Number of protein chains: 2
Amino acid sequence: MSRLAKTDADMVRVHNRLAVLDHLRRVGTTTRKLVSEATGLSVSASSAISGTLLRCGLLEELEDDERSIRRGRPGKSLALCGGAARVAALKIAVGEVTGRISDYAGRPLAELRREVDISGEDGDRLVALLAELAAALLERTGLPDLDKVVVAVQGKTHSDLSGIVWSPALKHWNIEIAAPLSQRLGADVSVLNDCSLMPEAFRWRPEFSGLDFATLFVGFGVGMGLKINGATFQGKHSSAVEFGHINHMPHGALCRCGNRGCVEAYASDYAIWRRATGGDAIPAHRISDAVMQRLADAARAGDEAARIAFEEAGIAIGYGLGRVYTMIDPLPIVLTGSGARAIDLLEPAIRTGIRESSVDGLGADAPFILVEDTDALVFDAGTAHALAALDQAFARSAAEATEAA
Amino acid sequence: MSRLAKTDADMVRVHNRLAVLDHLRRVGTTTRKLVSEATGLSVSASSAISGTLLRCGLLEELEDDERSIRRGRPGKSLALCGGAARVAALKIAVGEVTGRISDYAGRPLAELRREVDISGEDGDRLVALLAELAAALLERTGLPDLDKVVVAVQGKTHSDLSGIVWSPALKHWNIEIAAPLSQRLGADVSVLNDCSLMPEAFRWRPEFSGLDFATLFVGFGVGMGLKINGATFQGKHSSAVEFGHINHMPHGALCRCGNRGCVEAYASDYAIWRRATGGDAIPAHRISDAVMQRLADAARAGDEAARIAFEEAGIAIGYGLGRVYTMIDPLPIVLTGSGARAIDLLEPAIRTGIRESSVDGLGADAPFILVEDTDALVFDAGTAHALAALDQAFARSAAEATEAA
DNA sequence: ACCATTTTTTCCGAGGCTTGGAAAAAGTCT
DNA sequence: AGACTTTTTCCAAGCCTCGGAAAAAATGGT
């Protein structure tokens, strides 16, 4: 019925603890005084909150032996205590399951990759595979258990973070992951779409602070993540921001999703490949990075068919971005995937597409930021998402810890 | 630097007062007990806050002489005190300037319409015209002054709510409105795009509570408003959600904005008219509602050219919605403008368009809610926006009022 | 070495807002 | 008129944060 709920002292406490943790995530190491300046809290409050978090074991005081430059009592350095918790970011993709485990400070502890044909797996076996991967990761670190797990999935996921609706990596539909995996691992599990999760990787990076932007993956598929009004966008029904399936051309090229004219049907690896090689069917298997690399080299060397394929891909991406810009606003783009490696071939066409499809050509000069390692980006994003969830939980539960002291 | 700011008792007080005001806006009249139940506040707190707001003159106790049905002490009815403030919603459109003044309870007090050719006006004269309109409205009500004014504009407005970037109603660009009009009227002024403002009209309507939806205006232009994650979307750079200028067809029909293939170039009055009459130029003058009505009747009577014109309009709208749905999520649509009157001609094509352009045809069954009176919708929206701003201001300043008592 | 200076941290009382329970108020029902 | 029920008010208590004072920990100068 009513939309606005009350607030009380509890909320204030939770919010302010979160503000302190958030500041620490941004700067890595700080002092009570600096916390006070960054958050606007009084030094007394900053000191009190830091003390509580220290007693909870979330923070630790560092023994810094560097002689201070300035006069006066040097501030005691505070940092997130890595040992306070462990999180895992797992990734389900075509033909592989990968994962990274990190400590509470965000430091990676171990990474693992399993190349397996998972296409035929049902829910039970997929969960078992993920659990086994998590166990193997834990074993490498010698640590006992996990506190939070994020599963990033190629494909559409449920908006309640419970599992997979559909994935190109799997034949089965509607696979429940979160609940059974959570039971196995004894940790909270969230399942999200890999592309829409990507902006989380920049959550605490100072150069992206307060900035709205989009992440764009161009590869075997085309996907987008949106950071808007300071929050990573999540749809109500599905993982959303299906940029690859925004229609580019009515009744256009055939897309994997069954529709015609999607951006993906022009800009994904398979679309570029089939356009360059003269077909119009969807290849049964994934086009390898090596093949795409050769195709790009051919285009650079003057192969007309290849050049046109990349150009049309760029136009489709550009029109898609222009449409997004018209709706939302021009945004900087973080670009990753095989498209990032072929940016020299794509960029002019992308900018042409934006210019032709947005009012006054707005956004045609939006900056592109290239990220080479897509896997690392997804791990960073999943880890950040997991840590943010933990911070929230810890800020809430620190109430009990206060009494324990 | 840091994103999360501190919270303290002041914030709690402001937030909770706002919760009480918000509840009152939703239900109209309430009691202290009901406030407590709706907000989650204790009855003591609810009573204390109500008392403060009463002393501030924002609320009033009603003498309800109806005999209570239930046993026990009857709750004393509380309602927003209309006399606490006055707000105006002004509207700038092609060939007219209109306005409505309302009291703090949201009751309309007067409406006025000036049909004038404003196309050649510069900033000063436009501000003077608006000020004169506001003064005339005030005079009708016999009230002294305004507390908040919202100006809804056809066209693009600055995201800082300061004025107009460009409007089809005006020849001049970049007209500053808020600051000079505010100085004249002695009230805070906000300038917003009419279409993106529309969702505000439903801010406190119970059937839209907590619901994300879009408002779609189809008429002389095509515009959209977006309520998303509980907030009315506002772009960072411009008024945004330029649905009418989302590209429908690369290199397609010529649009007023200079681009080719915009949704507006297929779905607006002028687009439908020129398609039906066989031209491809943009008519110099606005197509009247009467002409559009006749065109619709012709289509219903079997005129093939007219039928196709409406069908192509529907397809363009449908593809546009499908693209939005693919990005965000399927949303209910509140439809208004001449397009709402021709919904019988448009709807099948719109749904076809959505089906062909969204993954799995998702959203093809999204509900359409028709609103006949577009002017009233904009006034409702402007008034709600103004009242929400006042509530926020009052909740903040009630601090001083506490001491005054 | 020693003391003044500077800066950070801790400690303590005060103030503000909400809470929960008790008391008061204002009706209905028998 | 008295019992009962429900709403409202009143008051002590609990949690935060804030501001200032005191303590702590380093540097710089003599």
Side-chain angles (χ1 to χ4, degrees), chain A residues 5-20 30-55 59 61-78 395-396 398-403 405, chain B residues 5-20 30-55 59 61-78 395-396 398-403 405:
Chain A
K6 61 150 188 185
T7 309
D8 58 9
D10 282 4
M11 298 258 193
V12 171
R13 186 191 57 232
V14 170
H15 183 99
N16 286 343
R17 292 205 174 140
L18 212 44
V20 173
T30 187
T31 68
R32 292 160 173 79
K33 183 80 192 305
L34 289 172
V35 168
S36 155
E37 284 167 9
T39 59
L41 288 161
S42 67
V43 279
S44 337
S46 154
S47 185
I49 294 172
S50 303
T52 310
L53 296 177
L54 273 165
R55 277 192 303 280
L59 267 52
E61 289 189 327
L62 303 180
E63 306 299 327
D64 32 12
D65 40 11
E66 320 142 22
R67 295 178 63 86
S68 48
I69 310 296
R70 291 206 318 295
R71 294 178 66 164
R73 175 177 176 172
K76 204 165 255 174
S77 292
L78 299 170
R396 244 185 274 280
E400 301 127 45
T402 313
E403 299 161 42
Chain B
K6 62 149 188 185
T7 308
D8 58 9
D10 282 4
M11 298 259 193
V12 171
R13 187 190 58 231
V14 170
H15 183 99
N16 285 343
R17 292 205 174 141
L18 212 45
V20 172
T30 186
T31 68
R32 292 160 173 80
K33 183 79 192 303
L34 289 172
V35 168
S36 154
E37 284 167 7
T39 59
L41 287 162
S42 67
V43 279
S44 337
S46 153
S47 187
I49 294 172
S50 303
T52 309
L53 296 177
L54 273 166
R55 277 192 303 280
L59 267 51
E61 290 190 326
L62 302 180
E63 305 300 326
D64 32 12
D65 39 12
E66 319 143 22
R67 296 177 64 83
S68 48
I69 311 296
R70 289 207 320 295
R71 295 177 67 163
R73 176 176 177 173
K76 204 165 256 176
S77 291
L78 299 170
R396 244 184 276 278
E400 301 125 45
T402 312
E403 299 162 42

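Every chain is numbered from 1 and lettered A, B, ... according to where its sequence line falls, protein lines coming before strand lines. This is a predicted model, so every value here is computed, not measured.
Distance, B/Arg13 CZ to D/dT17 P: 16 Å, rounded to whole Å. In this entry the distance linking CG of B/Leu78 with C1' of D/dT7 reads 12 Å, nearest Å. In this entry the distance linking CG of A/Asp8 with C1' of D/dT17 reads 14 Å, nearest Å. Rounded to an integer number of Å, the gap from B/Ile49 CD1 to D/dC10 P is 16 Å. Rounded to whole Å, the distance from CZ on B/Arg32 to P on C/dA25 is 15 Å. We find that CD of B/Glu63 is positioned 10 Å from P of C/dG27, with the value rounded to whole Å. In this structure, A/Glu37 atom CD and C/dT7 atom P are separated by 12 Å, rounded to whole Å. What separates CZ of B/Arg73 from P of D/dC10 is a distance of 10 Å, to the nearest Å.
Here the side chains of B/Val12 and A/Val12 are in contact, with some heavy-atom distance below 4.5 Å. Counting heavy atoms from C-beta outward, A/Ile49 and A/Asn16 have side chains that approach closer than 4.5 Å. In this structure, B/Leu53 and B/Arg17 have side chains that are in contact, with non-hydrogen atoms separated by less than 4.5 Å.
Of the possible polar contacts, none joining the A/Ser46 side chain to the A/Ser42 backbone as a donor-acceptor pair under 3.5 Å is found. Formation of a donor-acceptor pair under 3.5 Å by the B/Ser47 side chain with backbone atoms of B/Val43 is not found in this model. Without hydrogens or angle criteria, A/Ser36 side chain to A/Leu41 main chain gives a donor-acceptor distance under 3.5 Å.
The side chain of A/Ser47 has C/dT10 as its nearest neighbour among C/dT19, C/dT10, D/dC18. Nearest to the side-chain atoms of B/Lys33 among the listed nucleotides D/dT7, C/dT10, C/dT19 stands D/dT7.
Residues B/Asn16 and A/Pro74 both approach DNA chain C. Their nearest nucleotides, taken by heavy-atom distance, put A/Pro74 toward the 5′ side. Of the residues near DNA chain D, B/Lys76 and B/Gly72, the one whose nearest nucleotide (by heavy atom distance) lies more toward the 5' end is B/Gly72.
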Under-3.5 Å N/O pairs linking protein and nucleotides 20-22 of chain C:
from   : atom 1 : to      : atom 2 : distance (Å)
C/dG20 : N7     : B/Ser44 : OG     : 3.1
C/dG20 : O6     : B/Ser44 : OG     : 3.0
C/dG21 : O6     : B/Ser44 : OG     : 3.4

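Across all strands shown, B/Asp10 has no heavy atoms under 4.0 Å from either base or sugar-phosphate atoms. Nucleic acid contact class of A/Leu34 (heavy atoms, under 4.0 Å, all strands): none.
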Under the salt bridge (charged side-chain N to carboxylate O under 4.0 Å, His left out) criterion, do B/Arg32 and B/Glu61 qualify, and how do the steps go? CA-CA 11 Å; B/Arg32 292 160 173 80; B/Glu61 290 190 326; 2.8 Å; yes
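Contact annotation: A/Arg71 does not reach the phosphate of D/dA26 (side-chain N/O to OP1 or OP2, under 4.0 Å).
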